[in-house]
Structures are given as structure tokens and as C-alpha cells.
Amino acid sequence: MVNLNIDGEQISVDKNSTILDAANKLGITIPTLCHNPELTTFGGCRLCLVEVDGNPRPVASCATFVQDGMQVRSSTPYLERLRSTNIELLLSDHPNDCMLCERAGNCKLQELAYYYGIRENRFEGTRRIYNTQDNNPFVSREMEKCVMCGQCVRICEEIQGARAIDFSYKGLWTKVTPPFERDLDCEFCGQCVGVCPTGALTGKMWSNKGRQKFREVDTVCSYCGCGCNLTLAVKKNKIVRVYSRKNTINEGMLCAKGRFAYEFVHSPERLSRPLIRVNPKSNWVLEDSDQPYGSGKPRQRLAGFQDFKEVSWDEALEYIAFKIREIKENSGPDAIGGLSSARCTNEENYLFQKLIRAVIGTNNVDHCARY
Amino acid sequence: MTNSIEEIKDNDLLLVIGSNTTETHPIIGLQMKKALKKGAALIVIDPRRIELVKRADNWLQLKPGTDVALINSIMHVIVKENLIDRSFIDARTQDFDAFKESLSEYTPEYGEKITGVPAEKIIETARLYAKASSPGIYYTMGVTQHTHGTDNVFCIANLALMTGNLGRRSTGVNPLRGQNNVQGATDMGCIPNFYPGYQSVSIPEVREKFERAWKAGLSPRPGLTATEMVDSARRGDLKALFIKGENPVLSDPDINHTVKALKKLDFLVVQDIFLTETAELADVVLPAACFAEKDGTFTNTERRVQRVRKAVDPPGEAREDSWIITRLAGKLGYDMHYLSAEDVFSEAGKMWPALAGMNYSRIERKGLQWPCTTRDHPGTPYLFKGGFPKKKAVFTSVNYRPSEELPDSEYPLTLITGRELLQYHTGTMTRRVEAVNRASPEGYVEINPEDAAGAGIENGRMVRISSRRGSIKIMALISRRSLKGTVFIPFHYKEAAANMLTSTKTDPVAKIPELKVCAVKLERINNAREKEQV
Amino acid sequence: MDDKKAVVKVCAGTGSVSAGGGEVLRAFENLSRSSGIKTGFNNRCMTQKVGCRGFCSRDVLVDVILKGEKTTYEGIKPDMVPRIFEEHIIHGRPIREWMAGDEHKRFHSGQTKVVLSHCGEIDPEELDAYAAAGGYGSARKAYTLMNPEEIIEEIKRSNLRGRGGAGFPAGHKWEFARKTRSDKKYVVCNGNESDPGAFADRCIMEGDPHSIIEGMMICARAIGADKGYIYVRDSYALAVQRLRRALKQCYEQGLLGKNIFGSGQDLDIRLYPAPGAFISGEATALLKVIEGKRAMPVPRMHRTAEKGLWNRPTIVNNAETLANVPGIMSRGAEWFAGLGTETSGGTKVFSMTGKVNNTGLVEIPLGTTLREVIYDIGGGISNGRNFKAVQLGGPTGGCIPESFLDHQIDYESLALAGTIMGSGGMVVFDQHTCMVDTSKFFLEITQAESCGKCTPCRIGIRRMYEILDRITKGKGRLWDIELLEELGAHIRTTSLCGFGMTAPNPVLSTIRHFRDEYAVHIKDKKCPAMVCKDLLSFSCIPENCTGCGMCKMVCPADAVRGIRKKPHKIDQQLCIKCGSCFDACKFGAIHIQ
């Protein structure tokens, strides 16, 4: 353990901690854009500079190990001026079109500009402008908004192991791109979107659905068995984006399905009223059904619906109850079976088997555990 | 899983059998990558060159369906080189000697002959696994979806037991559950032989307990499994079926068989969020709510019970399944009355002690892993610490038995079905997401270049794949991922449905269908003639 | 030596090759063959390729050694070869008018050749030639007679400091690597000489590749490394070729590989030709490139000597530093330390360019004054003009005015003067140089070469360049000097690596020493040195103009108006300020202001 002093407060931390770790432990906020405790140290944004007694230059707190007896100052007028200048430089090469940005209100750069009160810019000059669009289906990449924090590059390599993007070009024109600036073609886990501090990387399906004042609902992903925790951002009874908090069992990581495949919830093809069959079951052949999925057509017009008519709940449930009673009387309860679902909650599954066992009176209940 | 997801990163050896983890369980895949970064060794047992193979220290490319022979010969080496954990075997298991005897014929050379895996790789794997200090075994349907799936699982259990690699942190046997709440549905008794909490329907005391609680007479006969229900319907014994949130037409083997069976039913109710292929055959279709439209809990693969919360209202008159079930019970003259989802949860907790310690406020922020028996129990990150429920674990001797349908001269290839990264299961949900459809638009059959060359098939060409049960048209994807002699088809795509081909043969114990092995043949489609026909 | 035997040494450095050195050498060989005189080792006429001797402005340089007497010819072209052959080699009469003159003597006499001592003397492509000059004796000594601690002690006593620019004491660096326990250690030669105009490392790699390999062998022995990389930019084609050849020879002779000199220690050295991005010369960025990643410096949380390549202890030394090592081992630390100042031993090679009479590579003991280098070796300012400033250390170095000329050259004094040693670039400016334009030139390079990782360097240097650009275009604002100073200091303080920390140097040093020149650009919109074109106006002085029409003829923009024999006029709207009219006018009628 190493003892050091930050802003007059004494703290004892592990010798492999950085000054930034120690400061965080003390609850002292040091601004950063590129730091991410899950990833290797980058040291690019130069905002976390602190003064250490005995050092002629300020040091990057994210990239400096603590030493015994260190005297650190995390905020002095000089440091704040250095930070402010760096933010000013970043903003001089930024579109500053927060009005249209998906991340407005949830953007680290915007927040820093706000706290440091930067409106005028002494360093106006050339700004990166990119005209090409990335046509991948998931990730919107507006690289002129990139602040080169490198978190996307690092998470892609170090956590996801995909190495789908890296820096290319030099100087002001440095840009995070897929190889040869082709369209992004990767696992689309969206980990990069999750760590981007600005609006450079966003979900394509987020666009124009609302960006602030959403209701956040914490829930669990409905795909594979990992049980990742999702946060659904809801606006006007619609899920507008999905992300995951850092302190969850999945550590904020999601896959393409968890992060991006939520559109089905609001599909126009969703069933919305009970249906009862009116036409006999047709000669159903799978291979020739050319009805595409996700066609976006209202549900009534889809093939298949023509054999049914919409009824009220009462009518539908009465009919089911009547049929079940009839079959139970004629053929016994074991002529009836129930298939439950791994999609449904524990409570619903409990109720379902109770329905089959206690109400109908058979143990013919199963679910898709085997597929 | 005997262990937690979070423990994976501390494994010093990962033995991944029949699981394309990075595609089917991406987040567990990330934990594995973390372990590899920390220096863990990786052994992959899979006929396909899956993504993990790139990072594997040892890849055993076995012929599909030869798992028993492979694992037995690995265990043969462990016994021969005396790498067993004697003290663990003595203290916590029984029947080892008989079991040891059963391994004698499975020399690595014999293993090589059956599985196609070189003997030295078998030996190396045995040494790596037996000498590791915290090895984890991970498997999914590649192990279980066989007519000898149960045997495969016994083999894996034997392997862990004989080396004492069970019951410690980051050390154990971990089947990865393929669906969000497959664990919970099983826990909650949606299986024909168990009430909630794996309490057998055949034990009178248990039955009486549930009869008292539910105030109803219960059947003492174990029910039918899903596959048996379909068979029974086809025979005409089963008259009515209530399907909730499933699409067996696409997910069950042999679609023609399933469709014929379901059409034969007198009465079919399907309760779902979309008009699925199964719902199209129903007499009544009930509109349900999806995961974002209801409250409740899911139990993930590491037995963690987590809260699901309602975010949006269901469309139109669609209702939560619990609402539908309680109303229907009412119509059938049984009073099911609950104030909330938590009410149901606490009733389940009363019936199953392993859940008794949980309530919604305890799992508000972070879920708990069962067993969690009391209100102050912290949950159980890994199982079998210090002992097994039945005191001593039993070694089960298993003999290699070939798969039911092996390739022959007429159907020379072995078909493996499975999942891919972006689509999910029968595609009911993911195929209605535009972005997913753009990235993974259509089905394909993965063919080894040598097989493709033999059949004169180029990449991207439409081919016809047929088995004894049906045939489909599908795009060819020529890739070294597939072992020569095998082809792989993801089962998400209804227009090229893999389950047209699969066989309904099941494991005698678990009744799991053999979806990983069936014999097929491959034909090139002459484009010009096809067009003429259209 | 046989009285009749002649040795012809033809410079085969890149400068010479591009001046026709290859043809000159072939001409000698052809002639001796056709006249029946056998060429080659031990024959009557021995022709040799030798490395660059630094005086590249006078290429092709040819030495003829006859009867032990050396005659140097300069500016030799292939068609001059027959006469030299006939008169000098056959008849023993040197040709006076082609011989190198006083400048040549002056250029060389002021220098002390240590690292360059073999360049221009031995054939860089032959291991035998290097061995004959005592090569690999030091390595043998290090591997057979000395233990690692003794080697490190020797290097420490020699006061050898890193020649890559920062000047870290090499011995200390080696000691850190020695003391760090690891399963594997590396020694890396940094041959990514990036500064435009610097070619010292190139000359050593081309002219004496074995000295670098020997230096690496000694370093590997000292720290216990068994793997080495020579990182060289692949645009140095000749260096790559010669190093590759040298390595091959070493493996053939068993100097590299297993069990070197029977010491039980192995060493494998691989050549790593890589795209020569400017930033890959930064040690951490260079290691990233060898690891297969993009050249981007990483924060130095650990010393590279303790955690470098693949997190193993790694010594990264500049080519010149390593080439110094064999000499130190053979001639002793005291000799080397005695050459320099108290704090830095030995010599330093500078690549002198710009407005001096003698340009080329000069090797001087540390502690020599700038005046000695520029006036004694360099022969003073060309065209009889006046000295204005000298820029040291490549594009990230600073400019020093006349008042500092008597300061001695060492790491500390240069830092005081506002510049750096860098890789030894030395550009001399005369009074016709605009310091604003000059700093803009250097920043144009550095803003493009920034790796883009840290904010101040990526955006800040670009912004400084833009401010300079507007000053030279007459659009400067009154507060621009202060803004440049603030931004420069900011970049220097906050940048991640040495590149960013030094990149503002040209601007900050010129503001420090030539502030008025900036002020005139901004306030008066004038360029005193008449360089910044946007601030100039060309006009015709009617009194001097004869109306000859020459200016009209050469003007590319048709900006000159006038009738023959009548004074002409320049249309300021059309004038593109190319200066062609000024050059063309024989009557001094074009006025620039």
C-alpha cells in the first residue's frame, strides 16, 4: 500500500493504482475523455493532468502510478486553464451541431464545454469534414464528431477481440476506420457505441426517435441464456434505444441482438386481438411460403390472417374453455397437452403448469428446453 | 451451470465442447476471451472450425456424434497416466472401479479410429485437463442434441468427477442454456415429470403437498414431453394442445411430421406475439405481451433470478400471459387470483425451498443465484461446494453407440444444425428487425470446399439439400469451417428451414431429438431449368 | 605494400550513387580490365566501394592511393575517369586541377571521426574489411573477457548519451534492463531517422553497418538479451540492403546465432524494414510497430528498459549510439569521455545544410561551439551573406540567433538556448530567410506527422500552423503572437510524447529571438526578408525601366502591361508574386516591397 495526498486529503491505495484511481476513490472528479478502467491506458485526451510536487510538468493522472508521499493537486487555476484549452482545441475541430446530435444531453464533450463555459473559440480553423457514409445496418459512424479517445478501438480489440477498426491517417486527419475505409463489417456487438463519449458512434435505429427525457427501464435480455441486463430507454410508449449499465453482471457489454434487435417489439405485424379460425386449415407447405418477414405490412393484410377472424377476449376464452371441457370429457385430461415457453417469465411458466396440472388435470406440460 | 459467468475469467483451462460460444452466447464468449487474455489454455471439441478454434491450444475436430468415444478415450489416458484425483473419488463418489473397467477398451488409438481425432491430441487434452488447477467445461446443444445426448453428458460428468474438477470456484461443468429463461421454465415445472423445483410427480408425498397448496386433484402419471406430444398428436391420441410462445413447426425436427401432427389435432391454441408458422395452424390465436411489456423474473444460465420490468404497453388488446392464463382458469372454473407477479413468485418460493429466500426487493438491483433458501442467504455462485445432494456422486459407465442415422451411399453427408450470431432461433423476433435482416438476410448451407468441388458447386449458388424426410433449396457457402463430409445449416430461416431435413429420433432418456446428426445429400440446381419451371 | 599497387576508393553513399558514383566505379573497373590490369583484392588495381564521408556536396569523391599516398578527387564524372586512370594510376602523375582543395581539407580537419571513422575508408559490404579494421574485437572481448556488469560500468564511465535526441545516459538505461528479471529481453536499434535533412544514421547504416551490429551484440551481452531488431525505414533502400548483407555475413561467420564466441549466450538479430512514419522514431511507437500495431506512442508508465516490447525489458538505442559502443569498448571509456564535455562524452554527427559553403555530415566532439562548426568546418555563409540563425534538431528543434554562436554544443546548453540536439539536423539561415515563414515550414511538417493520439499535438500544432499561415498572408491578428506563445507552451506542457513536447520549438524559439519580425508581419503587413509572397508587391520603377519587355515575356500571369520602349506597369490584381520579372530585369527596374 502506498500513501499519498490529493488536494489535502490523505489516502492509502495499492501500489499498482494510478493517481486517477486514487482520486476516484476519494470521490475527486478529474475530467477525462479517453479513460476506461476496463481497457489499457491510452493517455490521449490530456484532460486528466494533475500537478505533482517535484514534477516540473503536470502529469496525466491516468498514466502515472502513485508513489509514497506524493503530493497531488487535481485542480488549480493553471490546470483548469490547460484543460479548458484542450477542450477548446477539441471544439475547434468539432461540428458543434448539438441541435441535431443524437447524443445531445448525454455527451461528455458537450458536458465539458458546458462546465468550462466555452463558447467563443480562439482556435477556429480547418475542421474535418467527411462525406462518405458507412452503410452498415447497425452503427452510425459520424467521424467528424470523434474526439479520438480511442475507446472504441481498444474495446474492439481488447474485450471483443474483433479488431474491426483502428486509427488511420495522420495529424488532424487521423480517423478511426474499418480496414481501407470500407463499410463496417463486424460482429456488430456495438461495444464501440457503448463507450463512445460523443455522438460519433450511435445506433442507426436510434435516429430521430428522441434523445432526452426518456424513461429508463432496467430489465433482462430476451435472447440467449446469458441473462444480460438491459436498460430500455422509453419515450412515448416506444423503446427508442437499448444499452446496459456498467455495474451489471455483463459489465455493460452486449451483443448485436441484445443491443440492436429490439425493433420487433413495435412491429406492425404484432398480434393485437384474439383470432378464431374461420377457414379450414389449408395445405400448408413451408418451402413455398414466400411471405417475407419484416415486410412492415399491417398485420391483417398478411397471408395467413385471412383464415381467421378477430374476436373479443371473452369470446376467445369462452371458446377455448368450451373446447377443453369437451375434449376432457370425451377423451380424458391426458388427451390435452401444453407447451410452455422459455421466452416467458418464471411467474407465467409457474401459472401455465399450474393451469395444465391443477385445472386441466394432466402432467402433459413441457417447453422447448430441448431445441 | 455449476459455476457463475463471472468465474469464467479465472479458469486456467477452458474445455469447450459442442458450443459455438462466441456466436450463441456472445457475452459468455467475452468472459472466455478474458480468461484467454489472462493466459488460460483453450481446448475446443467441435467438428466445425468455429471462431474459438482460432484461439485454441488444442482443437479436436471429431466426427459428429462420436463424443462418447472421444471423452472415454480422454478418460482412458487420465486413468492410464494416473492423473485421477483419488481423494476426491474416495470421498465424494461411488462405483469408480466398475467405471474404470469400462474405459479399458477406449485407448487413444481406438478413439482416433472412431472420432478421427489424432491419438496424440487426445493424450495432450487429457493431460491438459487433468493437470489444470481450475478447469471449466462448457457445452451446449452440440453435446445434448443426439440420440446419445444423455450418455454424452454422463461422460462429461465422469470426466469432471474423476479429476475432482467440480465444486470449486471457476471449476465445474457448465451447460450453457440457449434461451433467456429455459432455466426458469424448467425450474418452474414446465416439464412433464417434475413439479416446480424438480419435485417428482410420481412421489405421493410431493403430490399431496401440491394438491393441498393448489386445492386440486393432481395426476400421478408423468406426462408427455414435447416430442412425445407431437408424436401422440400424429397418432391421434392427443386431441388438444395449448402452445404458448413457441414455434415448434420451425424448431422441432422434421417439419412435415410436425405439421401433419398439429393439423391432426382437434383443437390447437397458440398464444404468441406474432402469427408464427405454428399459429397459422391454430384454431384460436391469442395475442400476448413480449418481454418489454410485462413484469416478472427470468432465470439465466447461471441460475440467477433477475427482474424483468414492464417498459411499454402491449399493442392493441394483446395481454400478458399471466392475465390470459388466470382468465382462462377462471372460465374453467378454477380461481387463480394474484395481485401481482410477485404474488406468483412468492407462491413458487413457498413450493420450492431453493427459491424461498428470494423476493423482488432482494433482486431489485442484482439478481440472486438459487439455491437461496433463507432471506439472508447470499445465493449460490457455484454448486456442490463440499458435497452433492445425494451424498455421493455416481460414475455411470457409458459405451459408444453410433448416431441413429449415419451417412450412406444415398445420403453421403452429415447435417449439423445450429445458430448464427445475428439471428435467433426461429427468427420470429430477429427476422422482424430490419437491420438484422440486412446483415443476415438468408439461410445458407456451409460446405467444405472438397465436398463442394466434388458436387461441382460454387460459392453463392443455390443448391438442393435432401434427406429422407424432405428437401430444401438453399444458398451454398463454401467454407473451411465445416469438416469434410459434414454440412451446417442455421435453422432460423423458414424459407430454407433446416428442420425440413432433420430426424425425429430422440434420446431414450431425455427425449431430446438428434438435431446435430442426420444424413443428407447435396445436389446442384441447374439455374436455367429452375427458371423454366417457374 | 607493393609500390605499384593502386587502391581506388569510390564513395558509394546514397548521395554519391545519385551523383553517378556507380558509373564512376564501373568506369574504373572496365578500364583496368581492358588495359589488362586485374582488379580486385590483392591485384594491382583494387577498386573499392566505400561509405559516405560526409562531404556530399562535392560528390563523386574518389580516393586514389598510390605508393601509400592518398589523393582525393572531387566532383568526378564517369568521363573524367580515363584521364585519372591514364595519368595517375599508370603514370603516377596526380591531376592537380581535379584534386579536392582547401575546402575539403578545412571540412575534414575540424572534425573528429569516431562513429564515422570507417565511413569512406572501408568497404561496407565486406565483413573482412570491417574485421581487418579491428571489427568485432570489442564484441569478442565483451563476450569472452568481460561480465555484463563490467560492460555496463564501462559504458557508464564513457558518458555515452542517447544520440536519438533526448540524451538519456546509455549505461543507466542498460542497467535498468539488466536488473529487470524477465524470460526474454530485447535490444532494438532505432534506425528510423525521420527528420528531413538528417542523414547521419543513414550514413552509418550504409557506410558501416557492422558497427551497429557489433554495438547491438555488446548491448545484448550487457543486458542479457537474445533477440534484437534493427528497425530501419524501408525508404533507406541502400541501408536495408547493406544491413541485410551484413547480418547474413555475421550468421555465416557464426558471429550471430547460437552460443556466440563460446559464451553460451545466443543472439538473433532481425532486420525490421518498416514504413518510416515520422512518429515511429519515438521509442514506444517504434515498439508498437514491431508488435504489429500502429505507430502511436503510449504513455510511459514504465521505462521501456523495464517493460518494452511485448512488456519485456527492451533497450531502444539510436543507430549512432550503438555505433559508438564498439569504439568505447576497444579504446576505453576514458578516451571517449575525454572527447566530450563533463556531462556528455564522445562526438555527435550533424547533418549540416542550408546557407553554408560546405554542406554535409560533420562529426564533432561535444563541446565544440556552433561558430567553429559553421565557420571553420562549414566554411561560413554562402554567397558572402550574413548569418541569421541556425536551426538544430530537425523540424521540432529551435532556431538560435547569432548571440548564441559561441555557446558550446551539448545537451544542456542547447536546451537553454531553446532547442534540442535531436537527431543532429543543422540548418543554417542567412539574412534572406524569413523566420515566420521558416517556422511555418517546420510546422507544416509536424502538423502532418502527428500520430493523432493526443489532443494538443493533433489539433494544437495544426492551429499553430494555421495562425502562422495567416500571419504570412497578411491576415495576422494583433494578439496572434501571444496566442502562439500560449498555445505553444500549452502543447509543450500537455503533449503525450516527445514529439508534441518539442514540436512548438521552431515557433517559440523564433518568437523569442525574432519577435520583431513577427510584429512587422502582423502590424505592417510586411516581410522584412522579402519571402512571404502575399506581403510583397512588385512594381516597376519608371526611371530605370527601358521598356525592353523581358518582364512581360516571362510573366506567367500576364500581369505586366506596357508598350515597347516605354516604362511598363505591373497589374497588382493579376500579379501572382512569382518574382520572375525581378529575376529577368537587367536594369533593376523591378521594385519589391
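The structure presented is a predicted model; accordingly, all values stated were derived computationally and were not measured. Letters A, B, ... are given to chains in the order of the sequence lines, protein chains preceding strands, and every chain is numbered from 1.
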> With distance as the sole test, does B/R307 use its side chain to make a donor-acceptor pair with the main-chain N or O of A/V220 at under 3.5 Å?
Replying inline: no
> Would you say A/R277's side chain and B/E280's backbone share a donor-acceptor pair under 3.5 angstrom?
Replying inline: yes
> Minimum heavy-atom separation for B/L238 to A/D334, with atom names?
Replying inline: CD1-O, 3.7 Å
> When rounded to the nearest 0.5 angstrom, what is the spacing between SG in A/C255 and OH in B/Y424?
Replying inline: 10.5 Å
>> Counting only non-hydrogen atoms closer than 4.5 Å, does A/C344 touch chain B with its backbone (N, CA, C, O), its side chain (CB onward), both, or neither?
In response: both
>> Assess the residue pair A/E326 and B/K239 against the criterion (side chain to side chain contact (heavy atoms under 4.5 Å, CB included)); give the C-alpha distance rounded to whole Å, side-chain angles, the decisive distance to 0.1 Å, and a yes or no.
In response: CA-CA 11 Å; A/E326 182 188 75; B/K239 306 279 186 207; over 6 Å; no
>> Between B/R327 and A/E318, is the salt bridge (Lys or Arg N to Asp or Glu O under 4.0 Å) condition met? List the steps.
In response: CA-CA 10 Å; B/R327 289 302 146 100; A/E318 279 295 351; over 6 Å; no
> Between A/G337, A/P274, A/G338, which shows the greatest number of heavy-atom pairs under 4.5 Å with chain B?
Replying inline: A/G337
>> Please determine whether side chain to side chain contact (heavy atoms under 4.5 Å, CB included) holds for the pair B/E302 and A/I249, giving the CA-CA distance in whole Å, both sets of side-chain angles, and the decisive distance to 0.1 Å.
In response: CA-CA 11 Å; B/E302 55 170 356; A/I249 58 160; 3.7 Å; yes
Are [X] and [Y] close enough that a side-chain donor and a side-chain acceptor fall under 3.5 Å?
X      : Y      : result
B/N181 : A/T345 : no
B/K244 : A/S341 : no
A/N363 : B/R221 : no
A/E347 : B/S322 : no
B/T297 : A/N346 : yes

>> Would B/F345 and A/Y350 count as a ring pair (Phe, Tyr, Trp, His ring centres under 6.0 Å) here? Give the steps.
In response: CA-CA 8 Å; B/F345 188 78; A/Y350 178 85; 9.7 Å; no
>> If you take the centroid of each ring, where Trp contributes its six-membered ring, are A/Y319 and B/F267 closer together than 6.0 Å?
In response: yes
> Do B/R309 and A/D218 pass the salt bridge (Lys or Arg N to Asp or Glu O under 4.0 Å) test, and can you show the C-alpha distance, the side-chain angles, and the key distance before you say yes or no?
Replying inline: CA-CA 7 Å; B/R309 293 181 183 85; A/D218 291 328; 5.2 Å; no
